[in-house]
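Have a look at the structure below before the remarks.
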Amino acid sequence: MLDTIALARTMRQEIIKMLTASASGHPGGSLSATDFLAVLYGEFMNVDPAEPRKADRDRFVLTKGHAAPALYAILALKGFFPMEELANLRKLGSPLQGHPDMHKVPGVDASTGSLGQGLSLACGMALAAKMDGQDYRVYALMGDGEQQEGQVWEAAMFAAHYKLDNLVILLDHNHLQIDGNIADVLNPDPLDEKYRAFGWNVIQIDGHDHEQIRTALAQAREVKGQPTVIIGETVKGKGVSFMENQAGWHGKAPNAEQSAQALAELEG
Amino acid sequence: MEEKKNLATREAYGLTLAALAEENDKIVVLDADLAGSTQTAKFAKAAPERFVDCGIAEQDMVGVACGLASCGKTAFLSSFAVFATGRAFEQIRNSVCYGKYNVKVAATHAGITVGEDGGTHQSILDVSLMRSLPGMTVICPADATCTEWAVRAAAELNGPVYLRLGRLAAPAVYEAGQEFTLGKGQLLRTGSDIAIFASGLMVSQALEAAELLAAEGVKAAVVDIHTIKPLDTELVCSLAERCGAVLTVEEHSIIGGLGSAVAETLMEAGISAAFQRVGMKDTFGQSGSPAALLKYYGLDAESIANQAKATLARKK
Ligand SMILES: Cc1ncc(C[n+]2csc(CCOP(=O)(O)OP(=O)(O)O)c2C)c(N)n1
Ligand SMILES: [Mg+2]
């Protein structure tokens, strides 16, 4: 397995390639979440591509389902399915649906796409572990715009109430959503104070710094009686100069020329 | 469950869940601050470690149920039908049904016989909503005996189920020990003049209506459609063809529920019959005693009999 830095670089290249091939999809939020996924799957997730449904595996819920390309990239690199499959993203009959489908892709633990629902699913998984005396952990990757959904806060209350210390949110705080800056559309900040008030252990990091991600994930494992949210400051479109911090690159695929430039930058 | 005569279907649900608590350790039950009303409190007492109160947060409850189901649990979740299927509809669509989870939405206080709480609390659209969901099985039992079967059948079936339950005591239609088959209607009374297809509490009303009709020489067949989806199309078609007149009776809007399901089936089969849907006629309910409401909205036995006669008059 590649080290996480190399893993993240390869993931970003694969994301650009698959979006170019499908001529549709979401680059911005896939690229901002890449480092979280690289470290999580590279060093923390207890999963086995040979037995994707093993009962005691760690669970991952991509609650911002539109970042599917990032998840597909890491799952393919981990060996859950062949790399060649990535070229079929969003094509008719492909297992790689626009938003992840647990019944079509090995390694996907929950079908998502409707924002705001994933944390509740993750809560149920974490609660099941508690009920069964199992020690697997549950990770949920969320968007910052997604925090505007009311159900997120129902689930946040639930997780703290049931002391789900086996649950971790990776919050991709890239400050953008479709219509622009989250602060302009409907400001969910300060997210750290909100989660703290809801009873969560809050860790704030640079969401592109692998050492900080690593430390935060390790720290979350030590916390007892509380769920943890790791709020990562990120850049939407990270790694591709013309996509960085551009709301316009939320859900648009690069053309051939843009793709070539992006890949050249990522080779960098 | 000996004294199950005239139990509300919600009560039979609670009793069956409590029995299942002993028999099946995979079952978990979730509620949204209505455990006393929905009767899930009976399960909570029997297996507190497998009962989850989610608070007044129906959308989250649906998602939590899915997460539990994804880890091997058989999850029953309950609230009032209005909230379970309305507030959390999109969660049921995208989390439960798209994910094909082993989640049972067991909603109580369906229909207008909720009574005095009024229109906000009377669930008259839930069958329409749940029936339209790919992969969802929809069961609306008529009495306690049928409910016990339905809850057990739901627990056995690996996938989403909607159980529609009532608040009001339901007259016993079945003897204890009656057997049922998922997707197969129950022919309760034979007759050749008109076929009455009913569900839930309306089954007992339809049987009473058939008695009234018999006194006037009209032979009405009565079928309990406990499984609204998948519908027993064979029975619906054969009986409609034989009688040439059809009445559907449901404690639900005439739009999208049992009546619609029967109409769709008959049209596609090319069976023409005098046809009438009895139900809430594109209107919300209001406060009142259950009996007063049934009469007001034309869902009591006498009104059903009258509508049957009016339908017969149109028979070719
Ligand atoms: C319930 C729901 N409403 C709307 C959408 C459409 N949508 C897809 S992505 C998105 C913006 C998400 O912003 P954010 O959570 O910040 O994600 P990121 O910036 O990481 O891409 C919206 C509104 C959706 N998928 N689900
Ligand atoms: Mg964002």
Side-chain angles (χ1 to χ4, degrees), chain A residues 52-61 63 65 97-104 108-134 136-140 149-162 164 166-167 198, chain B residues 21 24-33 43-44 47-77 79 83 87-104 133-135 158-160:
Chain A
R53 299 256 168 147
K54 70 171 178 164
D56 68 344
R57 72 189 185 280
D58 289 337
R59 266 74 170 172
F60 176 76
V61 180
T63 175
Q97 295 289 299
H99 297 80
D101 186 328
M102 63 191 281
H103 298 294
K104 298 195 162 133
V108 171
D109 290 320
S111 300
T112 50
S114 176
L115 292 169
Q117 298 193 21
L119 186 58
S120 300
L121 267 78
C123 283
M125 294 171 178
L127 185 64
K130 297 271 178 200
M131 281 180 175
D132 295 341
Q134 297 256 12
Y136 59 81
R137 297 180 66 73
V138 183
Y139 297 93
E149 284 284 358
Q151 187 183 347
V152 170
W153 301 98
E154 296 181 3
M157 224 182 301
F158 185 96
H161 181 85
Y162 285 98
L164 301 179
N166 50 351
L167 172 67
F198 272 72
Chain B
N24 182 344
D25 66 2
K26 292 211 175 319
I27 292 185
V28 296
V29 176
L30 303 88
D31 205 299
D33 201 33
F43 180 92
E49 70 292 347
R50 281 184 280 139
F51 176 77
V52 188
D53 202 322
C54 297
I56 314 160
E58 296 78 12
Q59 303 170 65
D60 182 52
M61 170 167 70
V62 169
V64 171
C66 292
L68 286 162
S70 90
C71 297
K73 308 293 180 195
T74 302
F76 281 79
L77 68 86
S79 177
F83 311 130
R87 173 66 63 94
F89 176 73
E90 205 245 350
Q91 283 75 14
I92 297 176
R93 181 203 189 279
N94 272 323
S95 287
V96 177
C97 289
Y98 192 77
K100 303 183 183 135
Y101 286 111
N102 198 13
V103 168
K104 322 300 165 185
L133 291 166
N158 184 16

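Residue numbers begin at 1 in each chain, while the letters A, B, ... track the order of the sequences. Just so it is clear, the values below take in all heavy atoms, side chains as well, and ignore hydrogens, waters and symmetry mates.
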>> Just to verify, what does B/D25 make a side-chain contact (heavy atoms from CB on, under 4.5 Å) with, not counting sequence neighbours?
In response: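 For B/D25, the residues satisfying side-chain contact (heavy atoms from CB on, under 4.5 Å) (neighbours in sequence not counted) are B/R50.
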
>> Using the side-chain contact (heavy atoms from CB on, under 4.5 Å) criterion, which residues pair with B/S79? Sequence neighbours excluded.
In response: B/L34, B/E58, B/M61, B/F83, B/A84

> With no hydrogens and no angle check, is any side-chain donor or acceptor of B/Q59 less than 3.5 Å from a backbone partner on A/Q151?
Replying inline: no

On a heavy-atom basis, which atom in [X] and which in [Y] lie closest, and how many Å separate them?
X      : Y      : value
B/S70  : A/R59  : O-NH2, 4.4 Å
B/Y101 : A/L121 : OH-CD2, 3.4 Å
A/F158 : B/C54  : CE1-SG, 3.8 Å
A/A128 : B/L68  : N-CD2, 3.6 Å
B/D60  : A/E154 : N-OE1, 2.8 Å
A/H103 : B/Y98  : CD2-O, 4.1 Å

Contact leader toward chain B among [options], where contacts are heavy-atom pairs under 4.5 Å:
options                : value
A/T112, A/D132, A/V61  : A/D132
A/S111, A/G124, A/G118 : A/G124
A/V152, A/L127, A/V138 : A/L127

> Measuring heavy-atom distances to chain A, does B/V62 have an atom under 4.5 Å in its side chain, in its backbone, in both, or in neither?
Replying inline: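 Neither the backbone nor the side chain of B/V62 comes within 4.5 Å of chain A.
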
> Tell me, side chain or backbone of B/E49 under 4.5 Å from chain A's heavy atoms, or both, or neither?
Replying inline: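 Backbone of B/E49 only, per the 4.5 Å heavy-atom cut-off to chain A.
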
Measure the shortest side-chain to side-chain distance between [X] and [Y] over non-hydrogen atoms and say whether it is less than 4.5 angstrom.
X      : Y      : answer
B/C71  : A/Y136 : yes
B/E90  : A/Q117 : yes
A/M131 : B/K73  : yes

> Is chain B contacted by the side chain of A/A155, its backbone, both, or neither, given a heavy-atom distance below 4.5 Å?
Replying inline: both

> For atom NZ of A/K54, is the number of surrounding heavy atoms from other residues, nucleotides or ligands below 6.0 Å larger than 12?
Replying inline: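 Counting other residues, nucleotides and ligands, NZ of A/K54 exceeds 12 neighbours.
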
>> Is it the case that atom CZ in A/R57 sees more than 12 heavy atoms from other parts of the structure closer than 6.0 Å?
In response: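 For A/R57, atom CZ is crowded (more than 12 foreign heavy atoms under 6.0 Å).
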
> Distance from A/S120 atom OG to B/Q91 atom CD, nearest 0.5 Å?
Replying inline: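 CD of B/Q91 is found 7.5 Å from OG of A/S120.
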
